[in-house]
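Dropping the structure in here first, questions after.
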Amino acid sequence: MNKTLDPKSYEKDIYSMWLDKGYFKANVNKNKSPFTIIMPPPNITSKLHIGHAYTTTLQDTIIRYKRMQGYEALLLPGTDHAALATEVKVVEKLKKEGKTKEMLGRKAFLEEMQKWYHQYGNLILEQFKQMGVSCDWDRLAFTMDEDRQKSVRYAFKHLYDKGLIYQGDRITNWCCSCHTALSNIEVEYEDHHGYIYHIRYPFQDGSGYIVVATTRPETLMGDVAVAVNPTDERYTGIVGKMLDLPLVHRAIPIIADAYVDKEFGTGMVKITPAHDPNDYEVGKRHHLPMIQTINLDGTMNENAGAEYCGLDRFACREKVVEDLKNLDLIEKIEKYDNKVGHCQRCHSVIEPMLSKQWYVRMKELAKPAIDVVKDGQLKFVPKRFENLYLSWMENIDDWCISRQLWSGHRIPVFTCEDCGQKIVELEDPTVCPHCGSTHLTQDEDALDTWFSSALWPFSTLGWPNKTEDLAYFYPTSLMITAYDIIFFWVARMIFSGLEYMGQIPFKEVLMHGLVRDNLGRKMSKSLGNGIDPVEMIEKYGTDALRYSLVMGTAIGMDAKFGMEKIETSRNFLNKLWNASRFVLESLKQADFVLKDIHTIALDGLDEYILTELSHTIEEVEKSYEKYDLSVVASSIYEFVWTKFCDWYIEGIKPKLYSNDPQIRNDTINILVYILDKILKLLHPICPFVTEEIYQNLPNHGPSIMIDSFPHIDKELLFVDHRDIIEDLMEAIRGVRNIRAEMNVADNIRTNIYIEILDAEEIINSVLYAIPKLAFGKEICKGKCDNAKMIVAKHVKLYLPVDDMVDKEAEILRLTKELEKIDKEIARSKSMLNNAGFVSKAPQKLVDAEKEKLQQHEEHRKTIISSIDAMKK
RNA sequence: GGGAGCUUAGCUCAGUUGGGAGAGCAUCUGCCUUACAAGCAGAGGGUCGUAGGUUCGAGCCCUACAGUUCCUACCA
């Protein structure tokens, strides 16, 4: 083994070995329970980023843990075509080449898309492999592949036939840059520091004017009324009067509608039904005309008047304001902050636009999806996300599923040119079933990418066919994804699973946070604060990256990632590496014979470490079950570094150099036993390094990843002896402390004397370890005069010091210790003097407190006598 | 406007049946001790955001407030 950890030397080979052996495969196996995780398919718009690395680590860690626990563990991989997001990228690419998608035409453009899918789909999958994911690659799915196209088609027809899909003329969110409609959740609202314009609208009869306020003066030409609140006494007299709409000189009425807030602005609202969702509702209620003045590309059309036709909406805004100023129709312009909707993909300003789109009727679908969460069938981890989910589901709007895109799943609705019949079938129809015509045209639009993602938990398992896979692996066990796609994806999978499969798509959904930089900011190209996981892998190894991502982050919380974390992780793995090297080298040097741990005579230190190991196993297992990987990581860290390396390995070194071959052999057996357990506990998080070391263990299996996860061995629990050893360790720390305070170099050794007060047998069994641990020469029994004394519960240790010792410093140290113990005594006394505590607290705690007080008082006596001795 | 999260050491964060405040990094001191200087031993550092309340006892439970982040909403 190399002297230092060198992940590059083994990671690739190990991954190939796993693949070759087929360990990632999962099949219907009636003898085992399934544990299924369907991986959220990454968008193939780019390469792996740190967020992918994070979610992948969580998924792979949990599936590896479950696999080792004996489940038929399936981690199913796939990628997402991400219709709009990818189309934006490809259009950008074409633009650089001086082309547009219109120049190519639909067919050639889709070929370009295919090329992109291929290129980026493969890149990101290669990077997933670098992360060590143990997914069943034979089941790789793509949201646009043939099987998924079939699923989408089936799902669409199902909803259409049930009347849950309809086409409607409504106001939708329109992106003028992407040229498509968007669903409500694809619109991101951002603070906008702009202006609000107070505009005078003259009465037609010349009797003055009223004032309306607007942030979007360019929509003025589409106004069809001005509304006031029916209960607004200021305006009761003028309802019904006609206004002369400025610039266009169209007559529009003043109407009354409860939508208007009397308190806001002037209490008068201009109504533009074609370009505002609220105004649209008002317009419908009052049967007003809908005048569209903005084109789909964001320029003004002829309805806006010759003056403005062809201008961009924002240029038009300026010109309208300018013209109104010239006509003295601007009352005032105030600075005004509001929220403006932006396109999630291209960040341009969304325009509410009247258009014909396809919608999914949500109320009926939402209800069962609400019930399964309320009655606990489907659990969110952490639970608080259930509220977020429920409140959204309970107030859900119909889902706009059509996109004016070429990529993605094309809407499978055909219209008969002759009779107007709409046809939705599983196969493309050629003849109109109504009139027999063959003039059929397919809807031009594509589906929202999330329509196919919603089917993912079952479309990946063969649906709509009734497969054995579905029967066995569905409902899946766990969905792991970030909280920012609860609405986009999680919610839609839930109602889809219930609607198509009649069953929840997963029993639990683990919501993790986002990875941020060490200042808490989102990582982004513009800030230049991104961390490239592939670079991290190159430099520190995959295991260190994985470990650093689960370390110190609670589930559901955003994770801050900085270089310190990955260095700490790498250092820890290096520590493990070196400890393993130590164990394995000792093994080679001895004539090692593997023994059953239960046949070995254990001394106190052995019992200590085995008991601590059991507790670690218990805590680690409990934490894996709760998906609390941060605690898993820290438990293992603490056990490996502090308990195993710093105390146990250091302590038992004399046994390894013993003349007695049986002692040597027994000791190595214990080391190997513990190392084996450590590797298995850590394997789910750090698969490579644990496999690499495991392969060097005597009597190892074919692979650690298919070996079984450790369980507590009750025969190896020695809690009482462990406590005695810990007491001795406390005394040893006292020795080290004195030496450090006195600035004694580690290589200056003296004999150490020990007086055993209690538990003689067990203390005697570990005397050999004391010199090594306490930097002593030899351990001698009995008292020693002219020495520093360290008192513990079971032992007194004496550290002889010569006269060169700085008495002042030692008195200072002892005084500090005295202060500490006095504080403890005061605390204990105040508790015990508290009648409430004594009568109401559990008897066990009261007794424990009494014992502590007694010990502290004895300790205090010895400290005072030491101080007195120093002062002489 | 509504909702949720967060506030603990200089920094990043852990901390559930309420029972003597923790880790890593950073800082300081002494050590290359035959697994490991990516290391070893030791030390310093916290009114647990503020103010109340419940309790024998609160970082933890309740209330209010402050700061901060996110989600959500049709305020022209």
Side-chain angles (χ1 to χ4, degrees), chain A residues 1 3-5 185 189 196 212-216 219 227 259-261 263-272 276-281 336 338-339 352 382 384-385 387-388 391-392 395 483-484 486-487 513-514 518-520 540 551-554 556-565 567-586 628 630-631 634 637-638 645-646 649-650 653 657 733 736-749 772-775 823-824 827-828 831 834-842 844-846 848-849 852:
Chain A
M1 289 172 79
K3 193 174 171 190
T4 48
L5 185 67
I185 51 178
Y189 289 87
I196 188 162
V212 298
T214 180
T215 53
R216 294 191 300 155
T219 61
Y259 150 70
V260 181
D261 180 355
E263 308 301 320
F264 190 90
T266 59
M268 293 194 148
V269 187
K270 65 189 213 54
I271 300 298
T272 322
D276 183 278
N278 297 306
D279 294 5
Y280 173 74
E281 295 300 324
Y336 189 74
N338 65 344
K339 302 257 189 185
R384 69 183 136 89
F385 287 105
N387 290 331
L388 190 61
S391 67
W392 189 70
N395 300 299
Y483 63 70
D484 62 344
I486 288 183
F487 306 144
L514 312 172
N518 50 10
L519 296 174
Y540 297 98
M551 189 180 75
T553 59
M557 304 286 289
D558 286 348
K560 284 178 194 162
F561 186 91
M563 298 308 286
E564 317 81 38
K565 262 192 182 174
E567 278 176 16
T568 299
S569 306
R570 187 269 318 264
N571 293 354
F572 168 62
L573 296 177
N574 188 52
K575 184 76 183 176
L576 174 66
W577 180 263
N578 278 301
S580 305
R581 205 157 55 86
F582 175 76
V583 172
L584 295 166
E585 294 293 322
S586 333
D628 195 348
S630 168
V631 174
S634 61
Y637 188 100
E638 164 76 9
C645 292
D646 292 348
I649 290 187
E650 288 307 320
K653 275 178 180 171
Y657 310 135
R733 266 189 219 108
R736 292 171 174 179
N737 190 307
I738 289 169
R739 291 173 56 98
E741 297 273 335
M742 287 168 47
N743 278 345
V744 180
D746 292 349
N747 52 5
I748 298 175
R749 310 273 167 136
K772 176 82 190 158
L773 293 172
F775 301 97
K823 260 168 83 179
E824 288 303 304
R827 192 192 57 81
S828 264
M831 280 178 89
N834 182 337
F837 174 72
V838 177
S839 61
K840 295 191 179 177
K844 242 171 74 184
L845 283 168
V846 178
E849 204 54 47
K852 276 185 214 164

So what does A:T568 touch, heavy atoms closer than 4.0 Å: a base, only the sugar-phosphate, or nothing?
sugar-phosphate
Within the structure shown, what part of the strands sits under 4.0 Å from A:D279 by heavy-atom distance: base, sugar-phosphate, or nothing?
nothing
Between the side chains of A:R570 and A:E567, is the shortest nitrogen-to-carboxylate-oxygen separation below 4.0 Å, so that they form an ion pair?
no
Take atom P in B:A51 and the same atom in B:G15, then report the distance between them in whole Å.
25 Å
Can you check whether A:R739 reaches A:F775 side chain to side chain, under 4.5 Å on heavy atoms?
yes
Using a heavy-atom cut-off of under 4.0 Å over every strand shown, decide if A:Y657 touches base, sugar-phosphate, or nothing.
sugar-phosphate
B:C56, B:A38, B:A76: which one has an atom nearest the side-chain heavy atoms of A:T4?
B:A38
Could you check whether the rings of A:F385 and A:Y483 sit parallel, tilted or perpendicular, using 30° and 60° as the cut-offs?
parallel
With a 4.0 Å cut-off on heavy atoms, is A:Y540 in touch with a base, just the backbone sugar-phosphate, or nothing at all?
nothing
Just to be sure I understand the rule, does A:R739 reach a base, reach only the sugar-phosphate, or reach nothing, if contact means heavy atoms closer than 4.0 Å?
nothing
Between B:G49 and B:G39 - C1' atom distance, rounded Å:
39 Å
Check the distance between B:U72's P and A:L388's CG and give it to me in whole angstrom.
8 Å
In whole angstrom, what separates A:Y483's OH from B:C6's P?
12 Å
Categorize A:A554 for me: base, sugar-phosphate, or nothing, with a 4.0 angstrom heavy-atom threshold over every strand shown.
sugar-phosphate
Does NZ or CZ of A:K653 lie under 6.0 Å from the centre of the six-membered ring of A:F582, at an angle within 45° of the ring axis?
yes
If the P atom of B:U8 is compared with that of B:U68, how far apart are they to the nearest Å?
15 Å
Could you check whether A:R736 gets within reach of a base, just the sugar-phosphate, or nothing at all, counting any heavy atom under 4.0 Å?
sugar-phosphate
How is A:N574 classified with respect to the nucleic acid when contacts are heavy atoms under 4.0 Å: base, sugar-phosphate, or nothing?
base
With a non-hydrogen cut-off below 4.0 angstrom, is A:M557 in contact with a base, only sugar-phosphate, or nothing?
sugar-phosphate
Nearest listed nucleotide, side chain of A:F487, among B:A38, B:G39, B:U72
B:U72
Please confirm whether any donor atom in the side chain of A:R384 sits under 3.5 Å from an acceptor in the base of B:A4, or the reverse.
no
Given B:A38, B:C13, B:U33, the nucleotide with the shortest approach to the side chain of A:K560
B:C13
Distance in angstrom units between A:M831 CE and B:C56 P, rounded:
14 Å
For B:C60 versus B:U16, give the span between their P atoms, rounded off to a whole number of Å.
12 Å
Taking the same atom, C1', in B:C28 and in B:G45, what whole-Å distance lies between them?
11 Å
Distance, nearest 0.5 Å, that separates OG1 of A:T215 from CG of A:N338:
5.0 Å
Contact check, side chains of A:M831 and A:L845, non-hydrogen atoms, under 4.5 Å:
no
Contact between A:D276 and A:K270 at the side-chain level, heavy atoms closer than 4.5 Å - yes or no?
no
If the cut-off is 4.0 Å, is A:N278 near the phosphate of B:C75, judged by side-chain N/O to OP1 or OP2?
no
Need one value for A:L845: base, sugar-phosphate or nothing, where a base atom within 4.0 Å counts as base even if backbone is also close, heavy atoms only.
base
B:G46 and B:U63: how far apart are their C1' atoms, nearest whole angstrom?
26 Å
CE of A:M551 versus C1' of B:A14: gap in Å, rounded?
11 Å
Under 4.0 Å, heavy atoms only, any strand: does A:Y637 hit a base, just the sugar-phosphate, or nothing?
sugar-phosphate
Whole angstrom value for the distance that separates P of B:A35 from NZ of A:K772
7 Å
Among B:G39, B:C56, B:G42, find the nucleotide with the atom closest to the side chain of A:N834.
B:C56
For the side chain of A:K3 and the base of B:A38, is some donor closer than 3.5 Å to an acceptor across the two?
no
Whole angstroms only, please: what is the NZ-P distance between A:K653 and B:A35?
4 Å
If you look at every strand shown and take non-hydrogen atoms under 4.0 Å, does A:D261 touch a base, only sugar-phosphate, or nothing?
base
Does A:D484 reach a base, just sugar-phosphate, or nothing at all? Heavy atoms under 4.0 Å.
nothing
Looking at the side chain of A:F775, which of B:A38, B:A76, B:U33 is the nearest nucleotide?
B:U33
Between CD1 of A:I486 and C1' of B:A4 the distance, given in whole Å, is 11 Å
For B:G1 and B:C65, measure between their P atoms and round to the nearest Å.
13 Å
Report the distance from atom NZ of A:K840 to atom P of B:G19, rounded to the nearest whole Å.
18 Å
First encountered from the 5' end of RNA chain B, between A:A740 and A:T553:
A:T553
On a whole-Å scale, what distance lies between the P atoms belonging to B:U47 and B:G22?
15 Å
Partner lookup for B:A51, please. Criteria are Watson-Crick or G-U wobble with both distances under 3.5 angstrom; report none if nothing qualifies.
B:U63
Under 4.0 Å, heavy atoms only, any strand: does A:R581 hit a base, just the sugar-phosphate, or nothing?
sugar-phosphate
Quick check for you: among B:C25, B:A43, B:A76, whose closest atom lies nearest to any side-chain atom of A:V260?
B:A76
Between the base of B:A41 and the side chain of A:E650, is one N or O donor paired with an acceptor at under 3.5 angstrom?
no
